[in-house]
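Contents: one structure, followed by commentary.
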Number of protein chains: 2
Amino acid sequence: MRRSAEDTKATILAAARERFAAEGYDRATIRAIATDAAIDPAMVMRYFGNKEKLFAAAADFDLRLPDLAGVPRDQVGTTLAAHFAERWEADEALMVLLRTAVTNEDVAGRMREIFSGQLAPMAAELSGDPASAARRAGLVATQALGMALCRYVLRLPPVVAMTRAEIAEWLGPTLQRYLLGPP
Amino acid sequence: MRRSAEDTKATILAAARERFAAEGYDRATIRAIATDAAIDPAMVMRYFGNKEKLFAAAADFDLRLPDLAGVPRDQVGTTLAAHFAERWEADEALMVLLRTAVTNEDVAGRMREIFSGQLAPMAAELSGDPASAARRAGLVATQALGMALCRYVLRLPPVVAMTRAEIAEWLGPTLQRYLLGPP
DNA sequence: TGGTCATGTCAACACCTGTTGGCCTACACT
DNA sequence: AGTGTAGGCCAACAGGTGTTGACATGACCA
């Protein structure tokens with residue numbers, strides 16, 4: 001069949017996202033991605049150059065943190081927890097990154113950039129104390145990513161069984177304390 | 001050189017643990033492990049059968065949870081957090097499992113077994129409420145593994161910078177609430 | 001001293017990977 | 001209708017992987 005270049009590129013990218021999300025960088029082969037996209041492996045190279053660049057294109061990620069300025073100060077934690085619980089499931093970008101960052105130093109660096117570029121500034125603005133803001137953001141990351149890890153990657157049954165609302169209820173107070181609680 | 005079979009086996013196992021911990025299952029090659037152990041790759045096969053069995057031998061893991069029965073009830077969280085902070089660094093078994101479970105369903109299953117065989121029973125004994133115990137244990141896992149992920153795998157700078165004592169102080173109240181707090 | 005067996009080495013296998021260059025083919029334009 | 005070109009396919013390469021079998025070699029026992 002014959003498609004426009006843009007269509008083909010988008011098809012490849014979609015297939016790549018799924019494979020990378022499900023299997024991580026190493027196990028997701030270009031051949032498998034090409035088969036999913038019903039296309040020849042050589043096309044992947046033509047459109048994306050090489051596997052690394054394909055991954056980079058598939059893994060651009062925005063936390064899309066909500067604006068917490070207008071949220072009542074004592075509900076910041078719950079709001080944030082609810083946001084994460086939704087965000088993880090909105091698309092596969094987080095899975096793509098998480099499954100790969102664990103064994104790929106470059107991608108781990110990319111997660112550090114997301115952390116310092118998106119999460120840390122939010123904590124700084126919220127707490128007003130630049131000295132402790134980075135640590136507070138780091139603690140938020142441990143809980144948020146830990147939930148993602150146990151729920152979507154390891155699939156611990158009791159964690160999978162929780163609803164998004166229950167996650168917000170349980171993690172809310174934790175994030176609240178990490179962000180705004182006593183040092 | 002010529003060694004006893006047990007010595008060789010132990011040398012291979014030590015090298016395998018390091019490689020698996022640092023690179024995960026896929027990227028840790030038998031050839032690299034053999035080189036580290038100053039030995040021929042064929043010896044690995046002779047002593048362990050195949051790569052999967054070598055991994056299984058390298059990844060047996062015991063959380064070594066402390067006995068929390070004698071701990072004052074309001075210090076359970078901090079005690080547990082301090083234990084985790086030490087346990088992660090005691091040996092490389094956790095890294096071996098974590099780096100591999102993310103892209104290997106069998107090993108993910110093994111982590112679920114560790115969870116249900118070691119962590120969940122502790123929560124059940126502690127809370128006395130079998131109905132909610134599994135969920136409470138799951139929540140503990142999200143925070144504990146999230147800390148390990150951010151500190152040792154992703155190496156988020158503010159999380160790496162924390163001392164073990166600080167980790168215990170910050171995570172203690174979280175684990176306390178997950179285990180014994182209001183539902 | 002001669003022989004046996006555990007310990008170790010070597011070379012090769014079959015397979016899979018990312019990647020490349022040449023070739024085909026359908027469509028749009030003149 | 002003829003032709004240029006963008007979109008697509010095929011076959012192959014070079015390198016790395018787990019794994020295997022045949023062969024060497026040292027230590028120990030009769």
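Computation of the quantities below employed the complete heavy-atom set of this structure, encompassing side-chain atoms and omitting hydrogens, waters and symmetry-equivalent molecules. Bear in mind the structure is a predicted one, so any value in this text is a computation, not a measurement. Letters go in sequence order (proteins before strands), and every chain restarts at 1.
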query = From the list D:dT19, D:dG8, C:dT19, which nucleotide is the closest neighbour of the side chain of B:Ile30?
reply =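 Within the option list, the nearest is D:dT19.
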
task = Pick base, sugar-phosphate or nothing for A:Ala42, based on heavy-atom distances below 4.0 Å to the nucleic acid.
result =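 Base, at least one base atom sits under 4.0 Å.
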
ask   = Within the structure shown, what part of the strands sits under 4.0 Å from B:Phe48 by heavy-atom distance: base, sugar-phosphate, or nothing?
value =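 Counting heavy atoms under 4.0 Å across all strands, no contact is made by B:Phe48.
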
From [atom1] of [X] over to [atom2] of [N], roughly how many Å is that when rounded to an integer?
X	N	atom1	atom2	result
A:Asn50	C:dG18	CG	C1'	9 Å
B:Arg46	D:dG21	CZ	P	12 Å
B:Asp40	D:dG18	CG	P	13 Å
B:Leu54	D:dT17	CG	C1'	15 Å
A:Asp7	D:dG8	CG	P	9 Å
A:Lys51	C:dT19	NZ	P	8 Å
A:Glu6	D:dG7	CD	P	9 Å
A:Met43	C:dT19	CE	P	16 Å

inquiry  = Measuring from atom CD of B:Gln176 to atom CG of B:Leu80, what distance do you get when rounded to the nearest 0.5 angstrom?
reply    =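 That separation rounds to 9.5 Å.
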
message = Is the ring pair B:Phe20/B:Tyr25 parallel, tilted or perpendicular, if the boundaries are 30 and 60 degrees?
response =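 B:Phe20 vs B:Tyr25 ring planes: parallel.
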
query = DNA chain C: A:Thr29 or A:Gly49, which has the more 5' nearest nucleotide?
reply =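 So the residue in question is A:Thr29.
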
query = Would one find a side-chain N or O of B:Thr8 under 4.0 angstrom from OP1 or OP2 of C:dT7?
reply =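 So the side-chain polar atoms of B:Thr8 never come under 4.0 Å of the phosphate oxygens OP1 or OP2 of C:dT7.
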
query = Hey, is the side chain of B:Arg31 pairing donor to acceptor with the base of D:dG18 inside 3.5 Å?
reply =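 For B:Arg31, whose side chain was compared with the base of D:dG18, there is a donor-acceptor pair (under 3.5 Å).
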
key: Donor-acceptor side-chain pairing of B:Glu89 and B:Tyr152 below 3.5 angstrom   =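 A donor-acceptor contact under 3.5 Å links the two side chains.
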
query = Any luck finding a side-chain donor-acceptor pair between A:Tyr178 and A:Thr142 under 3.5 Å?
reply =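 A:Tyr178 vs A:Thr142: no donor-acceptor pair found between side chains.
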
query = Please, which pairs that meet side-chain hydrogen bond (donor to acceptor under 3.5 Å, both in side chains) have at least one residue in residues 120-137 of chain B, sequence neighbours excluded?
reply =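 As it turns out, the side-chain hydrogen bond (donor to acceptor under 3.5 Å, both in side chains) pairs with a partner in residues 120-137 of chain B, which skip direct neighbours, are A:Glu166-B:Arg135, B:Asp129-B:Ser132, B:Ser132-B:Arg136.
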
